[in-house]
Every structure is written in C-alpha cells, then in structure tokens.
Protein chains: 2
Amino acid sequence: MGNQTTIDRQAFEPAYAQLVNILKEQIARGIYLPGDRLPSESELCKHYHVSPMTVRRSINALLDQGIVSTTQGSGTYVKAPDLSGVTFSLEEFHNIFKDKERTKVKILEVLIIKTDATTANRLAIDLGERTILIRRVLIRDGDPIIYHKEQLIYDPVRPIVEAELEVTSLHGLFVGTGETKFKRGDIAIEAAVLTKEEADALNTMQMQPAFRLEHIFYDFEDKPVSWGRFICRGDRLRFTTTVGVSHRT
Amino acid sequence: MGNQTTIDRQAFEPAYAQLVNILKEQIARGIYLPGDRLPSESELCKHYHVSPMTVRRSINALLDQGIVSTTQGSGTYVKAPDLSGVTFSLEEFHNIFKDKERTKVKILEVLIIKTDATTANRLAIDLGERTILIRRVLIRDGDPIIYHKEQLIYDPVRPIVEAELEVTSLHGLFVGTGETKFKRGDIAIEAAVLTKEEADALNTMQMQPAFRLEHIFYDFEDKPVSWGRFICRGDRLRFTTTVGVSHRT
DNA sequence: TATATAATATTATATATATAACTTTGTCAA
DNA sequence: TTGACAAAGTTATATATATAATATTATATA
C-alpha cells in the first residue's frame, strides 16, 4: 500500500504532483476528515521543504478536483464528498467512434428537404427553407449501435455538405482533426425509448431504452450550422464516474 | 461586444483571468483557428506586460478547459472542438434536491431483509446476510420525481441506519454537509424504461423513459456500505453542456 | 460585558529568476 | 543529399519574494 510521506526529488513525478498525492492519501485514510482544516500553506512549505508556489499549485489541483475548498484569510478545508459537483464524460461514447477497425458508418439517406417547425427553430431559419438531411448508422462488429439523424443548413456558397460526407466515419466529430467547421456546440442528453424509425435503423425492437444525445453546432458567427441527434441503445452504453477521493494510480 | 485587447490592472478581474478571456475571445473569433500555434509564452509576456508565471497560469486554465493543447519544446496549439472531452454535471439533478421548500421526501418502506445475489455482489457480502432496504420517493410540488431504492450494510455496531433515516431529505448526499459517512462512491448512469414497481412509485405509467443512476458508497476502509438506484423520469430531467469556446460571461 | 481596534495568520495574486527537458531549425561535414 | 551536431526556441518545473485581501484572534476601551 502506497504510504508516501516525503517528497522524493529524484523521482520522475514532479514535487507538486507528489504533494497532491500525499494530501489526497491522507484525506482518503481519514487523517483529515470532512470539515477539517489542512495545514496552512506556510506549514506545508516547512514540512515538505517546498516553495510556496509549489504548495499553491498542489492546493489548486485539489481545488479543481473538488476535494478541498479554500477561504481567503481562513484556511483550506476538506470537503465532504457530494454528488453536486460530479461529472461524467462522453469518453465511453467517444470510444465507440475511436477504433476505426471495428466500427463502420453506413449512410442510410441524404436528401434536401424543406424544414419542419422543430428544425427551423433549432437552426434559426425560416420555416420551409431548405436543409440537408443525413441519416446514418454506426455499426460495430456488424451490429448497429448508434443511429444518427442530422440536418444541416443548405448553403451553396459554403459547401459544408461535402466536408460532412467526406467524413463518412463521423470520426472527425469526436477526435478533433482540425477539419471541423464549427466553433461551438450545445449538447443535451435525454433518456428515451426507441421509436419505430429508430428501432428499425438499429435493427431492434421499439420501446427499448435509449440515450438521445442532441446537438446543435454553431459557426464563428454564432449561427447554427447543423442540428441532430445520436440515438444510442441503452443496453450498449453506460456512463460511469466516481465521487470523493479515489485511489491513486 | 466585448473586445478586450489589453490587461487593465485597475480592474477587479485579476490579470491571469483577463488574459484567459482575451485568448478565448480571439479563438472564438477565429483569429486563431484549430491547429494554429498561439504566441509563445515569452511573446505573450512582452505583448501583455505580464510575468511568465502569470502567462503560465492563463495557459493552464485554457488547458483545463480543453481549449488548447501544449507540447513541450514546440508550442501551444488551439484544439479543434471535439466531443471526446465533453462532460456533463449532475448539477441539474442536484438542483432538484437543493430547494427544500418545494421538495419533500416520502419514505415508502424500511425493512431488514436477507440479501439477494445482486446486492451481495454489490456490497461484497455473503448471500443471505442481512441488509437494510429503504425505498423513498422525492416529491416536488406534490409530484413524484425521483424514486430511490437503497440497501445498506446491517451493522449493529455502527448504526448508519439512524443517520440515514434522520436525513429524511436525502439532502446530505447532495450538498456535502460534512455528516456523510462515506469516503468514495462509484456512480453509473443508464437509460432505462420504468418497471411496474418504479412506475407505481412515481405515479406514472410503466415503459416510460427514465434515467437510472446507480451508486455504491465506500467507507474509509474501502468496504461498500450502501448500494442503490435513483430512478428519474426522463421527461423531467435532461443534462446539458457545451463544447468548444463559449461566450464569456 | 460589549464593542471597537489592532495585530496576526492565511489565502490570492503577481513578479523575477533559474534550471531542465524537449522540439525545431540551422550548420557543417562526409 | 544525407546525417550528425550545435544552437536557438519553447514549455515544464521550481524557488524566492512581495503585496493585497480576507479572516481570525487578541487587546484595549467605554
């Protein structure tokens, strides 16, 4: 069991990172309980023989991780683990896209249509204007996993379509190739049950649980360029995270 | 439109934060495009008349926000916005618990039972050992919103039960009162459809979409102390976030 | 006792500097 | 042209120091 109490200057790990781990471990062991004040920065300096800025950096890391809170003039206090600050990432979602060996993208349909009310609202355009509709399925090991339906602004001047279609893999969206044409995106996750259209595309039955990941992307002028939804079978995806002080790597 | 280009030393906002905003805005405006190299740290020092450490701090902030990436010896580069690093917070979930005015907790059932296989596995105990089962519903404005089913280790020596039951509001779990008895938790989110039991508790129909938030909490010896699930109506909860460079506050 | 004031401790911000590690570029020789 | 090497540029880490802002504690005063 790791039980570091001093900072090893010969170690590969930098001093500030070592101090972070030392403090985290002490908190994890219950030496400092929620509500307790940590030693002041100057005390930590003396005890571990590091400079104030190094201590500061370590404290900041603990702050970022939501493990402690600081009050100017008072001290640094251990936070009780709570769920309010917990985050979960799309990493696992991203992983599905990552290995290009196992996953393929099948384009079901591409057509130019007149917008319905919902799309007009999302893309901030007039009802009836033309948009490009793309429907695709992401297939892993022959199994359809994710259904994607997207509508893009139809703009002959700036042919985003070609760029989008070139990327038949959707890969660019998730790894940041530098070819992405959008500056910013709003994303929402909802729980849903599969509609018939979605179930057909995913080759399963309707009324199955699913994640619905809705996205709107904006260009550099903050105008919407595309809107769409990823539909993901609930039995194939699960988001995990931890709260509190987890073990050191 | 904010268009800050110099650092105002009289401003309330500290220099490093101002520099973060300046750089973010330039990236948002497309002055630096994905893949571009930012000016080197020493150049930024000269241009904005701040010390290297201050520039460093700003760059680190951009790193944390996933806006740039750095390569030692080479430079700092603007990242293309990608979904891989996107995170969702439980803030909105947390908000439901926060206002004690509107929300009440109704305890449906508390009993001591012998564990089934699933619970024994989650709590790392033997099959048939006793656990405490608690079923509650969180009600907002008279409407049942969240159904919670939890099983705790039955340990006469350490009566966690009383503590749990005192907190009839579940509030402590989410705000970190310092009274929480656990050190660490694993959390998973799944998409699901309501079972009959869940639908009854939530006073709605089964087969409706729902989020299932499963949690296991551990004590300071890393032994599981409780396991449970929050079931949340999908039409009452939605997680949102943004990707890329969003506008400054 | 209660209140205001001073002193002290603590975090927050900022500067200046130094060394190390790594990358890129340029130079020179084979 | 190619490869080896040196030089310059860039980020990463660390120290030492200073000032400001806030909180806490002690002290003096009424």
Side-chain angles (χ1 to χ4, degrees), chain A residues 4 6-24 26-27 32 35-79 178 249, chain B residues 4 6-24 26-27 32 34-79 178:
Chain A
Q4 189 178 3
T6 59
I7 288 172
D8 176 13
R9 311 313 285 242
Q10 316 302 325
F12 175 77
E13 204 178 19
Y16 77 93
Q18 289 185 51
L19 183 52
V20 167
N21 284 327
I22 290 173
L23 294 174
K24 274 179 76 169
Q26 289 178 343
I27 292 168
Y32 298 115
D36 285 357
R37 215 200 72 182
L38 288 186
S40 76
E41 298 185 355
S42 60
E43 284 176 313
L44 290 173
C45 287
K46 272 182 281 183
H47 191 282
Y48 293 102
H49 306 103
V50 289
S51 71
M53 283 301 293
T54 301
V55 169
R56 212 70 238 296
R57 188 164 178 183
S58 303
I59 299 291
N60 273 328
L62 293 177
L63 260 175
D64 290 345
Q65 293 174 42
I67 294 171
V68 301
S69 64
T70 56
T71 309
Q72 185 174 153
S74 176
T76 302
Y77 300 88
V78 178
K79 288 216 301 190
T249 56
Chain B
Q4 188 179 5
T6 57
I7 287 171
D8 176 13
R9 311 313 285 241
Q10 315 303 325
F12 176 77
E13 205 178 20
Y16 77 92
Q18 291 185 49
L19 183 52
V20 167
N21 284 327
I22 290 173
L23 294 174
K24 274 179 78 169
Q26 289 178 342
I27 292 168
Y32 299 114
D36 284 358
R37 214 200 72 182
L38 288 187
S40 75
E41 298 185 357
S42 61
E43 284 175 314
L44 290 173
C45 287
K46 271 181 282 185
H47 191 282
Y48 293 101
H49 307 102
V50 289
S51 71
M53 282 302 291
T54 301
V55 168
R56 212 71 238 297
R57 189 165 178 184
S58 302
I59 299 291
N60 273 328
L62 294 176
L63 262 175
D64 290 345
Q65 294 174 43
I67 294 171
V68 303
S69 64
T70 56
T71 310
Q72 183 174 159
S74 176
T76 302
Y77 301 88
V78 179
K79 287 215 304 189

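Numbers restart at 1 for each chain; the letters A, B, ... are given by sequence-line order, proteins then strands.
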Check against side-chain contact (heavy atoms from CB on, under 4.5 Å), B:Arg9 and B:Val50 | CA-CA 10 Å; B:Arg9 311 313 285 241; B:Val50 289; 3.6 Å; yes
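- Regarding B:Ile7, its CD1 atom lies at a distance of 13 Å from the C1' atom of C:dT13, rounded to whole Å.
- In the set D:dT11, C:dT24, D:dT24, the nucleotide with an atom closest to the side chain of A:Ser74 is D:dT24.
- OP1 or OP2 of D:dT10 has at least one side-chain nitrogen or oxygen of B:Ser40 nearer than 4.0 Å.
- B:Ser51 has no side-chain polar atom (N or O) that falls below the 4.0 Å cut-off from OP1 or OP2 of C:dT17.
- To the nearest 0.5 Å, the span separating CD1 on A:Ile22 from NE2 on A:His47 amounts to 9.0 Å.
- Here the side chain of A:Gln72 is nearest to one of C:dT15, D:dA14, D:dA20, namely D:dA20.
- Regarding contacts with the backbone of D:dT15, a side-chain N or O of A:Arg9 is found under 4.0 angstrom from either OP1 or OP2.
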In sequence, state the C-alpha distance, the side-chain angles, and the governing distance for A:Leu38 and A:Tyr32, and then conclude on side-chain contact (heavy atoms from CB on, under 4.5 Å).
-> CA-CA 7 Å; A:Leu38 288 186; A:Tyr32 298 115; 3.5 Å; yes
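- The distance from atom CG of B:Leu19 to atom P of C:dA14 is 10 Å, rounded to the nearest whole Å.
- Under the Watson-Crick and G-U wobble criteria, each requiring two contacts below 3.5 Å, nucleotide D:dT29 is paired to C:dA2.
- Under 4.0 angstrom from either OP1 or OP2 of D:dT15 there lies no side-chain N or O belonging to A:Arg57.
- Of all nucleotides listed (D:dA16, C:dT17, D:dT10), D:dA16 comes nearest to the side chain of A:Met53.
- When each of B:Phe12 and A:His49 is assigned the nucleotide of DNA chain D bearing its nearest heavy atom, the one mapping closer to the 5' terminus is A:His49.
- Side-chain contact between A:Tyr77 and A:Thr71 is present, with heavy atoms from C-beta onward closer than 4.5 Å.
- Under 4.0 angstrom from either OP1 or OP2 of C:dT13 there lies at least one side-chain N or O belonging to B:Tyr16.
- Protein atom CZ of A:Arg37 is 10 Å distant from nucleotide atom C1' of D:dT24, rounded to whole Å.
- Taking the ring axis of B:Tyr16 as reference, the NZ or CZ atom of B:Arg57 stays within 45° of it and closer than 6.0 Å to the ring centre.
- The CD-C1' distance, from B:Gln18 to C:dA14, rounds to 13 Å in whole Å.
- Proximity of B:Thr76 to the phosphate of D:dT11: a side-chain N or O atom is located under 4.0 Å from OP1 or OP2.
- One atom, OH of A:Tyr77, and another, C1' of C:dA9, lie 11 Å apart when rounded to the nearest Å.
- As rounded to whole Å, 10 Å separates atom C1' of C:dT11 from atom CD1 of A:Ile59.
- Straight-line distance from the CD atom of B:Gln10 to the C1' atom of C:dT13: 15 Å, rounded to whole Å.
- If you measure from atom CD of B:Glu41 to atom P of C:dA16, you get 16 Å, rounded to the nearest angstrom.
- A close approach under 4.0 Å does not occur between any side-chain nitrogen or oxygen of B:Thr71 and OP1 or OP2 of C:dC22.
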